[in-house]
Amino acid sequence: MTAIVVHGGAGAGQQLSDGCQRAAEAAAARLQAGDDGLAAAIAAVLVLEDDERFNAGTGAALGLDGTTIEMDAAVMDSRGTLGAVAILRSVKNPVLVARDVARTPHCLLAGEGALRFARAMGHAPYDVVTDTARREHAGMLEQLSSEEPAMPGVDNDAFARYWNYACSPAFRGRRGHDTVGAVVRDADGHFAVAGSTGGSAPSLLGRVGDTPLIGSGFYAGPDGAVAATGVGEYIMRHTLASKVYHWIAAGMDLQEALQRGIALVPPDADTGLIAVSKTQSGWCANAETPIAQISRAV
């Protein structure tokens with residue numbers, strides 16, 4: 001039986017579930033056409049990167065300076081494919097660049113090198129800032145000027161203290177940390193995961209979260225695939241996706257493994273996990289996270 005689970009970002013809200021459903025259906029169509037799990041996972045993420053309501057691709061979040069957009073993405077499957085990009089700018093679909101990286105001798109490209117590689121692979125310049133991104137940036141600056149932490153457990157003044165953009169900070173001193181992702185079990189029993197993010201806000205220039213880091217935001221192997229979403233700084237500290245995967249591989253019930261993983265993260269740090277194993281699929285989150293799930297007999 002094939003299985004697909006798609007998420008649209010921890011805390012993004014159930015009103016975006018329709019987008020996740022379309023993404024899951026795109027993945028299912030690829031499996032129905034005979035494509036493998038990785039192609040299906042990428043197809044799902046492409047739908048979400050092209051939907052400006054999600055913080056990935058077209059809908060990516062603005063950096064603190066109100067200008068910079070830095071994106072991460074990754075792909076992995078149980079056949080040995082692994083590719084990721086970090087701090088990537090000016091492309092429409094970072095997940096496709098991650099797929100291309102997987103064909104090189106490397107696993108992860110970042111910054112200027114990732115951008116030059118994207119151009120060499122034929123990915124055209126794409127610089128779109130949505131109205132939603134501008135509104136959320138304005139709200140983030142307002143929050144940074146208040147007493148309410150814009151990032152769980154972090155003093156707002158820290159972002160001004162360590163400011164590293166070319167301009168000056170526009171605030172005295174909870175916005176998007178959404179990621180999109182998909183996990184797939186295909187008809188041959190192979191597993192795949194793909195993820196993409198428009199970055200976390202607020203964040204310093206050059207910040208890399210969990211999304212492109214193997215074992216933190218994603219993991220796939222012969223026993224399943226796992227994708228995480230939430231505040232990357234918490235997810236990375238626990239190498240959360242790898243930890244949950246290895247619990248599942250050791251025989252733990254999938255839902256128990258997901259719940260145990262969520263429990264590792266402070267409750268005020270919105271977090272979500274999706275996974276597929278040889279016999280199960282599911283998700284768990286401590287925040288409003290849009291999800292779509294499809295299971296079909298082969």
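Every heavy atom of this structure was used, including side-chain atoms; hydrogens, water molecules and symmetry mates were not. The structure presented is a predicted model; accordingly, all values stated were derived computationally and were not measured.
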| request: Apply salt bridge (charged side-chain N to carboxylate O under 4.0 Å, His left out) to the pair D131 and R134, showing each step before the final yes or no. | output: CA-CA 5 Å; D131 291 339; R134 295 190 188 282; 5.1 Å; no
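Applying the salt bridge (charged side-chain N to carboxylate O under 4.0 Å, His left out) test to E112 and every residue at least two apart in sequence or in another chain returns R116. Residues satisfying the salt bridge (charged side-chain N to carboxylate O under 4.0 Å, His left out) test with D18, not counting sequence neighbours, are R22, R53. Every residue two or more places apart in sequence or in another chain that forms a side-chain hydrogen bond (donor to acceptor under 3.5 Å, both in side chains) with D127 is listed here: S90. Residues that satisfy the ring pair (Phe, Tyr, Trp, His ring centres under 6.0 Å) test with Y245, not counting sequence neighbours, are Y219. D223 is linked by a salt bridge (charged side-chain N to carboxylate O under 4.0 Å, His left out) to K278, counting only residues two or more places apart in sequence or in another chain. Residues satisfying the salt bridge (charged side-chain N to carboxylate O under 4.0 Å, His left out) test with D50, not counting sequence neighbours, are none.
A heavy-atom distance below 4.5 Å is not found between the side chains of D51 and V180. A 4.5 Å side-chain heavy-atom check between I214 and L82 finds at least one atom pair inside the cut-off. The shortest distance between side-chain heavy atoms of T130 and T58 falls below 4.5 Å. With a 4.5 Å cut-off on side-chain heavy atoms, F117 and V85 do not count as touching.
Not one N or O on the side chain of R119 forms a donor-acceptor pair closer than 3.5 Å with the backbone of L115. In this structure, the side chain of N93 does not engage the main chain of L96 through any donor-acceptor pair within 3.5 Å. A donor-acceptor pair under 3.5 Å links the side-chain atoms of R185 to the main chain of S277, judged by distance alone. At least one donor-acceptor pair under 3.5 Å links the side chain of H238 to the backbone N or O of L264. Listed for the H137 side chain is no donor-acceptor partner under 3.5 Å among the backbone atoms of A61. For the pair D270 (side chain) and A10 (backbone), a donor-acceptor distance under 3.5 Å is absent. A donor-acceptor contact shorter than 3.5 Å is absent between the side chain of Y234 and the backbone of A269. When atom types are taken as modelled, the side chain of E49 and the backbone of S196 share no donor-acceptor pair closer than 3.5 angstrom. A side-chain donor-acceptor contact under 3.5 Å links T2 to the backbone of R296.
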Report all side-chain donor-acceptor pairs from residues 72-79 shorter than 3.5 Å, counting only partners two or more places apart or in another chain.
unit_1, atom_1, unit_2, atom_2, d
D72, OD1, I87, N, 2.9
D77, OD1, R79, N, 3.0
D77, OD1, G80, N, 3.2
D77, OD1, T81, N, 2.9
D77, OD1, T81, OG1, 3.3
D77, OD2, T81, OG1, 3.3
S78, OG, F191, N, 2.8
S78, OG, F191, O, 3.3
R79, NE, H190, NE2, 3.3
R79, NH2, H190, NE2, 3.2

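Residue pairs meeting the side-chain hydrogen bond (donor to acceptor under 3.5 Å, both in side chains) criterion with at least one member in residues 283-293, sequence neighbours excluded, are S281-Q293. Within the structure, the side-chain hydrogen bond (donor to acceptor under 3.5 Å, both in side chains) test picks out the following pairs touching residues 251-267 (sequence neighbours left out): D253-Q280. Among residue pairs with one or both ends in residues 10-66, none qualify as ring pair (Phe, Tyr, Trp, His ring centres under 6.0 Å); sequence neighbours excluded. Sorted by first and then second residue, the pairs that involve residues 83-96 and meet salt bridge (Lys or Arg N to Asp or Glu O under 4.0 Å), not counting sequence neighbours, are E70-R89.
For the atom pair CG (N55) and CG (L62), the distance works out to 10.0 Å, reported to the nearest 0.5 Å. In this structure, SG on C284 lies 12.5 Å from CD1 on I274, to the nearest 0.5 angstrom.
The hydrophobic cluster containing Y126, built from Ile/Leu/Val/Met/Phe/Trp/Tyr side-chain heavy atoms closer than 4.5 Å, also comprises V128.
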